[in-house]
Number of protein chains: 2
Amino acid sequence: MATQQAPAPSGRVLDHPDTDDIRLEHVLHALSDPMRLRIVCRLATDGGELACSVFDLPVSKSTCTHHFRVLRESGVIQQIYRGTAKMSLLRTEELERLFPGLLDSVLTAAHHQEQRLAGQ
Amino acid sequence: MATQQAPAPSGRVLDHPDTDDIRLEHVLHALSDPMRLRIVCRLATDGGELACSVFDLPVSKSTCTHHFRVLRESGVIQQIYRGTAKMSLLRTEELERLFPGLLDSVLTAAHHQEQRLAGQ
DNA sequence: CGTGTTGTACGATTTCCGTCGTAGTACGGT
DNA sequence: ACCGTACTACGACGGAAATCGTACAACACG
């Protein structure tokens with residue numbers, strides 16, 4: 001098989017905004033939450049599909065579901081069911097096309113701030 | 001005089017976060033509101049100090065005050081009283097130092113989106 | 001068919017946010 | 001001293017958002 005051992009997408013489908021319906025304000029709002037920013041950074045560095053469960057977030061499962069939904073509905077991530085897992089993936093190309101450089105600058109900014117705050 | 005007819009700053013002083021206290025999440029949140037994004041875009045294109053009153057925002061004066069305060073407290077703008085006017089100014093250099101490219105990409109993104117939405 | 005894993009749906013709660021109006025303050029000019 | 005301009009402070013209000021817990025659904029695997 002081409003796709004290693006990843007289960008095929010299941011029947012359940014999730015609603016995503018069309019590329020043209022993605023709004024800057026919504027994206028910025030989605031990224032302005034620490035939990036969601038953390039998720040996005042992780043998705044960027046790992047660079048592929050990740051199951052929601054691999055993010056060890058300090059919040060309940062329902063809250064976690066909530067944050068992923070906000071990211072999806074704002075157009076930041078794409079989500080797909082594979083078996084019982086729900087995989088998330090940054091909509092990198094589309095965001096780059098709509099808002100060139102935005103995602104990158106946010107990611108490096110987040111990284112810089114992390115360094116800065118870690119060094120007291 | 002060096003400074004044309006601009007009144008000198010008055011005694012009233014406003015609280016601003018130190019450069020090191022500016023947080024990405026707060027900046028993103030500040031920028032995620034349409035009204036505030038509009039203010040920031042205007043400040044960027046006009047490129048200097050602007051009185052709050054020159055922004056013709058479709059909200060009441062109190063709401064206007066509120067939005068400027070959010071921008072100031074998040075570190076996006078600097079504000080200073082000159083006579084009865086309160087001038088606002090983007091903290092461009094500091095933001096660039098903290099989050100390189102971020103402000104620019106947000107501004108161009110906002111501009112692109114405006115174009116895109118204007119063309120139906 | 002059970003069982004465990006993953007994630008959802010829903011309701012409750014609490015807090016935050018954008019908005020307004022009214023009343024007030026600071027300042028510049030006359 | 002008075003007035004007008006520019007903005008603030010405060011309280012209210014409605015809606016959005018973050019969080020949780022409990023109960024439930026979809027799926028893989030034995």
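These numbers come from a predicted model, not from an experiment. For the numbers below, each heavy atom of this structure counts, side chains included, while hydrogens, waters and symmetry mates do not. In the text below, chain A, chain B and the rest are named by the order of the sequence lines, each starting its count at 1.
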If you take atom types as modelled and just measure distance, does the side chain of S62(A) reach the base of dG21(D) with a donor-acceptor pair under 3.5 Å?
yes

Between atom CD in Q79(A) and atom P in dA26(D), what is the gap in whole Å?
18 Å

CZ of R36(A) versus C1' of dA17(D): gap in Å, rounded?
8 Å

Can you tell me how far P of dA16(D) sits from NE2 of H26(A), to the nearest Å?
12 Å

Between CZ of R38(A) and C1' of dA18(D) the distance, given in whole Å, is 15 Å

Mind calculating the distance between CZ (R72(B)) and P (dC7(D)) to the nearest angstrom?
13 Å

Is a side-chain N or O of D33(B) found less than 3.5 angstrom from the main chain of M35(B), in a donor-acceptor match?
yes

From dA18(D), dG7(C), dG4(D), nucleotide with atom closest to C52(A) side chain:
dG7(C)

Comparing nearest nucleotides in DNA chain D, the 5'-proximal residue of the pair D33(A), K61(A) is D33(A)

Closest to side chain of T65(A), choosing from dG7(C), dC7(D), dA26(D)
dG7(C)

In terms of side-chain geometry, is the basic nitrogen of E94(B) or R91(B) positioned less than 4.0 Å from the acidic oxygen of its partner?
yes

In whole Å, I'd like the distance from the CZ atom of R82(A) to the C1' atom of dT5(C).
18 Å

Starting at the 5' end of DNA chain D, which residue's closest nucleotide do you reach first, S53(B) or H67(A)?
S53(B)

